[in-house]
Each structure stands twice: as structure tokens, then as C-alpha cells.
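If you're wondering where the values come from, they're calculated on a predicted model, not measured in any experiment. Sequential numbering from 1 along the given sequence is applied to the chain's residues. Note that ligands are numbered from 1 as they come in the structure, with each ligand's atoms numbered from 1 the same way. Values reported hereafter were calculated over all heavy atoms of this structure, with side chains retained and with hydrogens, waters and symmetry mates removed.
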Amino acid sequence: MGGTPPVSESRVRHFFTVDVEEHFHVNGFESWVPRSDWDRYPSRVALGTDRVLDLLARHETRATFFTLGWVAERHPALVRRIAAEGHEIASHGDLHRRIPTLSPDEMRADVRRAKRTLEDCTGAEVRGFRSPSFSITKGHEWALEVLIEEGHSYDSSLFPIRRPDYGYPGALTVPHVIRTPSGPITELPLATASLAGIRMPAAGGGYLRQFPLSLMQRALRQYETRRVPAMCYIHPWELDPEQPRIAVPWPSRLRHYRNLEKVAPRLESLFAEFRFGSVFDWMGAAPREYPAVTLGRRQAVSA
Ligand SMILES: [Zn+2]
């Protein structure tokens, strides 16, 4: 901690975000937990969300909650409680469907329904969106146009890494503006760390559980050196080590249940060292200059 600068107002406030969904909504469970069965599983979302809210209250920190419309329909009081505590409600879509599985019209219907449900819940405008499993991937840049046309002003779906099931390798790693035929949208990509010249995912969630805490600490310090916020995320179910285990094959068990008990202490360590805030508060601050890019076929081919 010798090189850690003192906490002051001039320090970067990283984005702390929560993808509000149930423990059985994980896309990796889709083959075993069909959507038609969702209402038969025990709800745990309020329990995990309350643990996040407690952490944020103790550290006097506001955050952004990317919430499923499906959750808001069944737990409107929970969504109103999140908003009443000063946090931002944003959209995680309605039914947690990955973008590549949808046509543009299907995605439009999904995000429109989620935005309306969330706005009806709190009365506040929903500005932001995060796709399930960071699924705005190469070849699906049209999703950003749908978001703009449906009234979203920022997106946080691009993960500048290469993974078998998601990632947008080649995306900028810092906040930027993406120009599209439907207009501009602010993009807040998920945080990565540079380790021996290799770009590593270091945004929280599974990476907070599976990798040493030091990787995420390194990432946040690297962003502070660049004077830009890092985008971090967590799920309520990751703060719920007692959740019932769903009978899925062992790779999925490992990916989703390993080290759940370590999440709370690791988040405490991060909150002790770093400052966090919501996207809403950052967007409302004095305007800054950010790089603007155009995505599309040219980049998709060259990457
Ligand atoms: Zn999700």
C-alpha cells in the first residue's frame, strides 16, 4: 500500500454497478433452467441486493443498478428501495436474453419493455443499459442503434477481451463515445488490467472470485494513473454463498459457485482503498472530452 495516494476529492471515482438478477438467471444455466420455469425457483434477489445496499451505505457510496425488467415486475418494492437510497436504476433488459440470440426487432421489444417497467417503478428516467453476459459482440453493433432509438444515452456492454462466449476485442478500454447512424452513445467498457503486456478481465463478478484480488487492485490503480474511472460490476447472487446449488455440470458449478464466500471481504478491501460512484453522477459532472469512434464491419474484419 506504500504507493497508494491519500483519499481525497481529486481521486478517481470508479463505477460500481450491480446486475440485478436472480441466481438462476445465469446465461450458462439456460440449458438446465428454462425461462418457463423461472417462477418455480426460490427468489433470492432481495437478499443479495440488501447486502450490496448495506455495503454501499456503510461507505456512503452511490452505484448504478442494471436491473432486469423481469425482476422489477416481481419485486417493485426492491427497485424502489434501491432508488430511494440514492442509487441509479438502469436496464439489464427484460428477460436476460443474449443479443446474438435476438433479431433487432426482438431486442427492441425486450429493452422497451424493461425500460418502461423500470421507469413505471420509480418515476425516474432510465438512461443506461448493460446487455446480459456483455453480449454486444462483433457483428451485433446494430444493438447500439436500437438502444439509442429506444432512448438510452449510455451503454456498458463492451468487454475489451476475447472470450469464447463474449468480448469485444479491440474496443477502447476507457469511457468513449460511439458514433452510429442513429446518433452517438456513451460507452463505458468493462475494466481490464494490463499484466506483462496482456489484457486481462478485471471488472469484478466472476473475475473477482476466480482471480487473486491483486489483479483488480492493479487494474483500478492503472485506471487512476490514466485519470479515468474503471467500470466494475457484481451480481446480488455473488453475495449469497448460501444460495441453493442448481444441478449443472461441473464447469458451470466451478464458474458460478467457486469462492462466493470471498466476495464480501474482497469488496470490503476494494472499498477501503478505492472510491466508487454511479454512472449517473459521473454523467452529470462537468463535461469532459472523450475519444469518439465508429464501430462496424471494418473493425470487425481487421480484429
Ligand atoms: Zn446478467
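Rounding to the nearest 0.5 Å gives a distance of 8.5 Å between CH2 of W237 and OH of Y257.
M216 meets the side chain to side chain contact (heavy atoms under 4.5 Å, CB included) test with L208, C232, L270; sequence neighbours excluded. The side-chain hydrogen bond (donor to acceptor under 3.5 Å, both in side chains) test applied to E119 returns K115, not counting sequence neighbours.
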Throw together a table of side-chain donor-acceptor distances under 3.5 angstrom for residues 191-206, partners on residues two or more places apart or in other chains.
from: R199; atom 1: NH1; to: P160; atom 2: O; distance (Å): 3.3

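Ion pairing of D39 with R74 is present here, as a side-chain N (NZ or NE/NH1/NH2) and a carboxylate O approach within less than 4.0 Å.
Within the protein, the number of N/O/S atoms found under 2.8 Å from the Zn ion (ligand 1) is 3.
Side-chain atoms of L172 and P291, non-hydrogen and from C-beta on, do get closer than 4.5 Å to each other.
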